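Notes follow the structure.
Model, not experiment: these values are computed from the prediction.
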Amino acid sequence: MKALVLHEPFKFEYVKMPIPTPYKGELLLKVKAVGICGTDIHAYSGKQPFFSYPRILGHEICAEVVAVADSTSTIKVGQRVAIIPCVPCYTCHACQQGSTNCCEKVSLFGVHQDGGFREYMTAPESNVVPVPDEVSDSAASLIEPFAIAAHALARGGVQANEDVLVIGAGPIGIGIAAIAKAYGANVIVADTQASRRQHIEKSLSLPTADPLAEDFNQQLLARFNGQMAKTVIDATGNASSMNKAVTLLRHTGKLVFVGLFIGELNINDPEFHKRETTLFGSRNATRKDFEKVIELLQSNLINENMMKSHEFHFENLADYENTVVKNAELLKGVIRF
């Protein structure tokens with residue numbers, strides 16, 4: 001089989017290697033489509049923490065089952081699946097509580113172990129979710145980032161008619177806004193880039209605002225009937241944005257951090273305290289989140305084109321830097337096999 005191996009920062013190479021053999025409890029999978037995540041771009045550029053080289057990137061994966069190692073498996077050959085990329089230990093406190101998404105010893109496909117930029121791979125059966133026929137390969141590869149978004153909304157307990165401000169209109173912010181709208185929430189999306197605001201307005205039919213605008217707070221008050229947001233979900237990973245996010249909440253509001261940066265948060269304590277703010281971190285996603293996204297895709301409440309801007313073929317990624325990294329128009333790319 002062929003694999004695209006990142007030997008070191010800025011050095012990709014197509015390599016021929018044997019098709020892997022699945023062990024008991026594993027599946028052999030033929031990769032059908034892989035989403036390109038910011039994690040992949042950071043790893044290519046040498047800026048991804050907790051990362052080692054060489055590595056096969058890719059953790060947003062749709063694949064077809066071609067072999068099953070366990071005769072008692074409920075997964076059938078020929079079935080398409082989405083991969084939950086976080087392989088947990090199942091023994092730590094988080095796993096024992098059912099929060100496998102924040103396992104203390106988690107191993108992530110494409111980061112800690114080889115991922116989906118290859119024609120075949122193996123994965124534990126416990127890490128796959130069946131994909132229904134009406135969900136395309138491309139859409140199935142985006143279940144994972146949509147699931148990250150669904151998990152953030154679950155952490156914040158967002159419900160219908162709730163006033164929600166989403167900060168950051170990258171792929172995860174788009175997913176959060178799209179799913180919040182599907183839940184019936186009253187949503188506005190903030191981003192400093194005009195092109196991303198235009199995408200939100202066109203593809204999601206949601207209002208947007210520039211957080212750097214002088215009348216930004218007034219725009220929020222107008223959207224939320226004279227109040228600030230009940231829930232703020234920050235998907236920027238930007239220190240300045242995250243430090244200021246609490247000031248955009250009404251009293252008794254909820255703040256959810258999805259993005260992260262390497263450094264310390266500095267939240268104004270009086271602003272945090274006087275609101276009796278509830279603060280949540282949101283990390284990765286659970287099987288329940290994957291299943292929720294599949295349900296939303298089947299119901300056409302969300303779709304792949306809300307997030308996807310480009311498609312690439314696996315054979316044409318040798319010039320990854322110019323095709324992907326330096327592509328100013330890229331919002332979310334999907335690799336087809």
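- Among L27, L28, I19, the single residue meeting the side-chain contact (heavy atoms from CB on, under 4.5 Å) criterion with T122 is L28.
- Looking at D215, its side chain never comes within 3.5 Å of a backbone N or O of Q218 through a donor-acceptor pair.
- Residues meeting the side-chain hydrogen bond (donor to acceptor under 3.5 Å, both in side chains) test with Q227, sequence neighbours left out: none.
- Within the 4.5 Å cutoff, no side-chain heavy atoms of L204 are placed close to those of V187.
- Between L57 and F51, the closest side-chain pair of non-hydrogen atoms falls below 4.5 Å.
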Run the salt bridge (Lys or Arg N to Asp or Glu O under 4.0 Å) check on R197 and E201 step by step: do they pass? CA-CA 6 Å; R197 297 197 301 272; E201 292 167 6; 5.5 Å; no

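- The ring pair (Phe, Tyr, Trp, His ring centres under 6.0 Å) analysis of residues 315-337, with sequence neighbours excluded, yields the pairs F12-Y320, Y44-Y320, F314-F337.
- The shortest distance between side-chain heavy atoms of K76 and V65 does not fall below 4.5 Å.
- Within the structure, every pair that satisfies the side-chain hydrogen bond (donor to acceptor under 3.5 Å, both in side chains) test and touches residues 9-22, not counting sequence neighbours, is listed here: H7-E13.
- Between the side chain of H251 and the main chain of K274, a donor-acceptor pair closer than 3.5 Å is present.
- No donor-acceptor distance shorter than 3.5 angstrom exists from the side chain of H273 to the backbone of D269, with no hydrogens or angles considered.
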Would M228 and L249 count as a side chain to side chain contact (heavy atoms under 4.5 Å, CB included) here? Give the steps. CA-CA 5 Å; M228 298 301 274; L249 280 171; 5.8 Å; no

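- Contact check for D114 versus M121: no side-chain heavy atoms found under the 4.5 Å cut-off.
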What donor-acceptor contacts under 3.5 angstrom involve side-chain atoms of residues 92-102, with partners at least two apart or in another chain?
unit_1: Q96; atom_1: NE2; unit_2: Y90; atom_2: O; d: 2.8
unit_1: N101; atom_1: ND2; unit_2: H151; atom_2: NE2; d: 3.3
unit_1: N101; atom_1: ND2; unit_2: R283; atom_2: O; d: 2.8

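- Residues E125 and T74 have side chains in contact (heavy-atom distance under 4.5 Å, counting atoms from C-beta outward).
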For residues 132-146, dump all side-chain donor-acceptor pairs below 3.5 Å to protein atoms at least two apart in sequence or in another chain.
unit_1: E134; atom_1: OE2; unit_2: Q298; atom_2: NE2; d: 2.7
unit_1: S136; atom_1: OG; unit_2: A139; atom_2: N; d: 3.0
unit_1: S136; atom_1: OG; unit_2: E304; atom_2: OE2; d: 2.9
unit_1: D137; atom_1: OD1; unit_2: R80; atom_2: NH1; d: 2.8
unit_1: S138; atom_1: OG; unit_2: E304; atom_2: OE1; d: 2.5
unit_1: S138; atom_1: OG; unit_2: K308; atom_2: NZ; d: 3.1
unit_1: S141; atom_1: OG; unit_2: S138; atom_2: O; d: 2.7

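- Checked against salt bridge (charged side-chain N to carboxylate O under 4.0 Å, His left out), E321 has the following partners two or more places apart in sequence or in another chain: K326.
- Not counting sequence neighbours, K181 has no partner by the salt bridge (charged side-chain N to carboxylate O under 4.0 Å, His left out) test.
- At least one donor-acceptor pair closer than 3.5 Å links the side chain of N127 to the backbone N or O of I84.
- Applying side-chain contact (heavy atoms from CB on, under 4.5 Å) to I233 and the options L165, I176, I167 leaves one that passes, I176.
- Among pairs with a residue in residues 241-255, those fulfilling salt bridge (Lys or Arg N to Asp or Glu O under 4.0 Å) read E162-K254, D163-R250, at least two apart in sequence or across chains.
- Side-chain contact between I56 and L4 is absent, with no heavy atoms from C-beta onward closer than 4.5 Å.
- Environment of CD in E311: crowded, with over 12 heavy atoms of neighbouring residues, nucleotides or ligands closer than 6.0 Å.
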Does the side chain to side chain contact (heavy atoms under 4.5 Å, CB included) test come out yes or no for F117 and L6, once each step is laid out? CA-CA 10 Å; F117 284 21; L6 183 63; over 6 Å; no

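- Between H310 and F312, the ring planes are parallel. Angles under 30° get that label, and only those over 60° would be called perpendicular.
- The ring-ring contact (aromatic ring centres under 6.0 Å, His included) check on F261 picks up nothing, with sequence neighbours excluded.
- Here K32 pairs with E64 under the salt bridge (charged side-chain N to carboxylate O under 4.0 Å, His left out) rule; sequence neighbours left out.
- When atom types are taken as modelled, the side chain of R287 and the backbone of V129 share no donor-acceptor pair closer than 3.5 angstrom.
- For Y120, there are no ring-ring contact (aromatic ring centres under 6.0 Å, His included) partners two or more places apart in sequence or in a different chain.
- Side-chain atoms of P130 and I75, non-hydrogen and from C-beta on, do get closer than 4.5 Å to each other.
- Panel note: side chain R196, backbone T192; no donor-acceptor pair is recorded below 3.5 Å.
- In this structure, K288 has no salt bridge (charged side-chain N to carboxylate O under 4.0 Å, His left out) partners at least two apart in sequence or on a different chain.
- Side-chain atoms of K230 come within 3.5 Å of backbone atoms of T252 as a donor-acceptor pair (strictly under, hydrogens ignored).
- Between the side chains of D289 and T286, at least one donor N or O sits under 3.5 Å from an acceptor N or O.
- Side-chain contact between V324 and I36 is present, with heavy atoms from C-beta onward closer than 4.5 Å.
- Remark: side-chain polar atoms of R55 are not paired, donor with acceptor, to backbone N or O of G110 under 3.5 angstrom.
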